[in-house]
Number of protein chains: 2
Amino acid sequence: MQLSNAEEQVMEHLWKMEKAFMKDLLEAYPEPKPATTTVATLLKRMIDKKFVAYNEFGNSREYYPLVKKSDYFSKHVNGLIKNFFDNSASQFASFFTTETNLSEKELEELKKIIDVQLQKKKK
Amino acid sequence: MQLSNAEEQVMEHLWKMEKAFMKDLLEAYPEPKPATTTVATLLKRMIDKKFVAYNEFGNSREYYPLVKKSDYFSKHVNGLIKNFFDNSASQFASFFTTETNLSEKELEELKKIIDVQLQKKKK
DNA sequence: GAATTAACTCTACAAATGTAGAATAAAAAA
DNA sequence: TTTTTTATTCTACATTTGTAGAGTTAATTC
């Protein structure tokens, strides 16, 4: 099951903080902050969906993510690729490189990354 | 406003076919095909959202997309980048290159694409 | 220890989404 | 021209999502 947008935001915070109490999560929100109960509802739903768990500390809980950001993200990108590019990652890559405006420096970096990948493949 | 998942599927078909009558759209679906009324509802919603328009032909309509796939897609990717990578396209690119398993050939292609982009930037 | 606060659960409710039946109208087939 | 098919609109309804009040309980502060 997927996270909704509002839930994804909570995840973002959790990923950044690694673990957090309700209070920390609320702080992480910009004004206007949502009601505590709103965040509580979202957390509960995320727990049901097995995206979040917690450790009990007194009467409150320290929440933490159950899925890695990279894994979650992978699924997203793969979904996009499947959806929009008939499963062709290279088509996606090409599109991405032309449409996103990466700076010269970023492009050079990317090239390096690709070279590393290529080395790995060739082994 | 954004398209929902089901609506996105209709869009996919429309993008592929460029324009289509109800019948064509239904054919494009794999089994089990949705009810005609379902697709009709989706189309109507998409028309409201200004993603689709149509030309009338007799008693039926030829639907066509109002937004280009590439534009729609850009927004998606940019959303992803913003959401997950603090707006850093290069971070995304790096992630993408390492996590998606592109073949050797695809990586080479991608390198070429990057070179072309680099040439453009240098001018 | 009484009052305040923080975190949680329960309940609720409006909007969006996925899905489709019933009714209608027009076109095509018999 | 009667029947059948097709496309559309209207209505409907369950589920999911966004948001939060009310109430409860435990911890903290006076």
Side-chain angles (χ1 to χ4, degrees), chain A residues 1-14 17 19-67 72 75-76 79-80 83, chain B residues 1-14 17 19-67 72 75-76 79-80 83:
Chain A
M1 200 187 272
Q2 270 297 282
L3 293 178
S4 75
N5 283 326
E7 288 163 358
E8 229 170 58
Q9 267 187 33
V10 177
M11 266 322 246
E12 260 312 307
H13 294 143
L14 274 186
M17 309 194 241
K19 47 192 177 170
F21 289 93
M22 172 59 75
K23 160 174 78 89
D24 309 317
L25 280 171
L26 270 177
E27 262 168 35
Y29 275 89
E31 298 296 346
K33 295 183 195 298
T36 321
T37 49
T38 301
V39 179
T41 304
L42 292 174
L43 281 169
K44 188 190 282 271
R45 288 178 186 166
M46 292 162 85
I47 289 164
D48 289 347
K49 293 182 181 178
K50 310 276 187 211
F51 276 89
V52 168
Y54 60 84
N55 291 312
E56 219 132 16
F57 272 75
N59 73 327
S60 63
R61 303 163 174 184
E62 188 173 47
Y63 299 94
Y64 59 88
L66 279 182
V67 293
Y72 183 76
K75 257 182 216 145
H76 255 251
L80 263 195
N83 224 315
Chain B
M1 201 187 273
Q2 272 296 283
L3 294 178
S4 74
N5 283 327
E7 287 163 358
E8 228 170 60
Q9 266 188 30
V10 177
M11 265 322 246
E12 261 311 306
H13 294 142
L14 274 185
M17 310 196 241
K19 45 192 177 171
F21 291 94
M22 173 57 77
K23 160 173 77 88
D24 308 318
L25 280 172
L26 271 177
E27 261 167 36
Y29 275 88
E31 299 297 346
K33 295 182 195 303
T36 321
T37 49
T38 301
V39 179
T41 303
L42 292 174
L43 281 169
K44 187 188 282 270
R45 289 178 186 166
M46 291 162 85
I47 289 163
D48 291 346
K49 292 183 182 176
K50 310 278 188 210
F51 276 89
V52 167
Y54 60 85
N55 291 311
E56 217 131 18
F57 273 75
N59 73 326
S60 62
R61 303 164 172 181
E62 188 174 48
Y63 299 94
Y64 60 87
L66 280 181
V67 293
Y72 183 76
K75 256 181 218 147
H76 253 252
L80 262 196
N83 224 315

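Keep in mind that what you see is a predicted model, and the values were worked out from it rather than measured.
When the P atom of D/dT6 is taken as reference, atom CG of B/Leu25 falls 15 Å away, rounded to whole Å. With rounding to whole Å, A/Gln2 atom CD is found 20 Å from D/dT15 atom P. Rounded to a whole Å, the CG atom of B/Leu26 is 16 Å from the P atom of D/dT5. Between A/Glu8 atom CD and D/dT17 atom P there is a gap of 11 Å when expressed in whole angstrom units. In this structure, A/Asn59 places its CG atom 5 Å from C1' of D/dA26, rounding to the nearest Å. Atom CG of B/Leu3 is separated from atom P of C/dG18 by 10 Å (rounded to the nearest Å). As rounded to whole Å, 12 Å separates atom P of C/dC8 from atom CG of A/Asn55. If you take CG of A/Leu42 and C1' of D/dT16, they are 12 Å apart, rounded to a whole angstrom.
A distance of 10.5 Å separates CD of A/Glu12 from CE of A/Met17, quoted to the nearest 0.5 Å. Atoms CG and CG, from B/Leu14 and B/Leu25 in turn, are 5.0 Å apart once rounded to the nearest 0.5 Å.
In this structure, B/Arg45 and B/Ala40 both approach DNA chain D, and ranking their closest nucleotides by distance from the 5' end singles out B/Ala40. Mapping A/Pro34 and A/Gly58 onto DNA chain D by nearest heavy atom places A/Pro34 at the nucleotide closer to the 5' end.
Contact of A/Thr41 with D/dA20 (side chain to base): a donor-acceptor pair of N or O atoms is detected under 3.5 Å.
Within 6.0 Å of NZ on A/Lys23 lie no more than 12 heavy atoms contributed by other residues, nucleotides or ligands.
For A/Lys49, taking side-chain heavy atoms from C-beta onward, the closest of the listed nucleotides C/dA7, D/dT17, C/dC10 is D/dT17. Here D/dA7 is the nucleotide among D/dA7, C/dT17, C/dA7 with the atom lying nearest to any side-chain atom of B/Lys23. When the nucleotides C/dA20, D/dT17, D/dT9 are ranked by their closest atom to the side chain of A/Ser4, D/dT17 comes out on top. Taking only side-chain atoms of A/Ser60, from C-beta outward, the nucleotide of D/dA20, C/dA7, D/dT8 with the closest atom is C/dA7. The listed nucleotides are D/dA20, C/dT19, D/dT9; the one nearest the side chain of A/Thr38 is D/dA20. In the set C/dG18, C/dA20, D/dT8, C/dG18 carries the atom at the smallest distance from any side-chain atom of B/Ala6.
Residue contacts shown for B/Tyr54 are absent, as no nucleic acid heavy atom lies under 4.0 Å away. Contacts of B/Thr37 with the nucleic acid, taken as non-hydrogen atoms under 4.0 Å apart, include base atoms.
Partner of A/Val52 under the side chain to side chain contact (heavy atoms under 4.5 Å, CB included) criterion, chosen from A/Arg45, A/Arg61, A/Met11: A/Met11.
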Practice prompt. Check the pair B/His76 / A/His76 against side-chain contact (heavy atoms from CB on, under 4.5 Å), numbers first and verdict last.
Written response: CA-CA 11 Å; B/His76 253 252; A/His76 255 251; over 6 Å; no
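Note on A/Tyr29: every side-chain N or O is 4.0 Å or more away from OP1 and OP2 of D/dT19.
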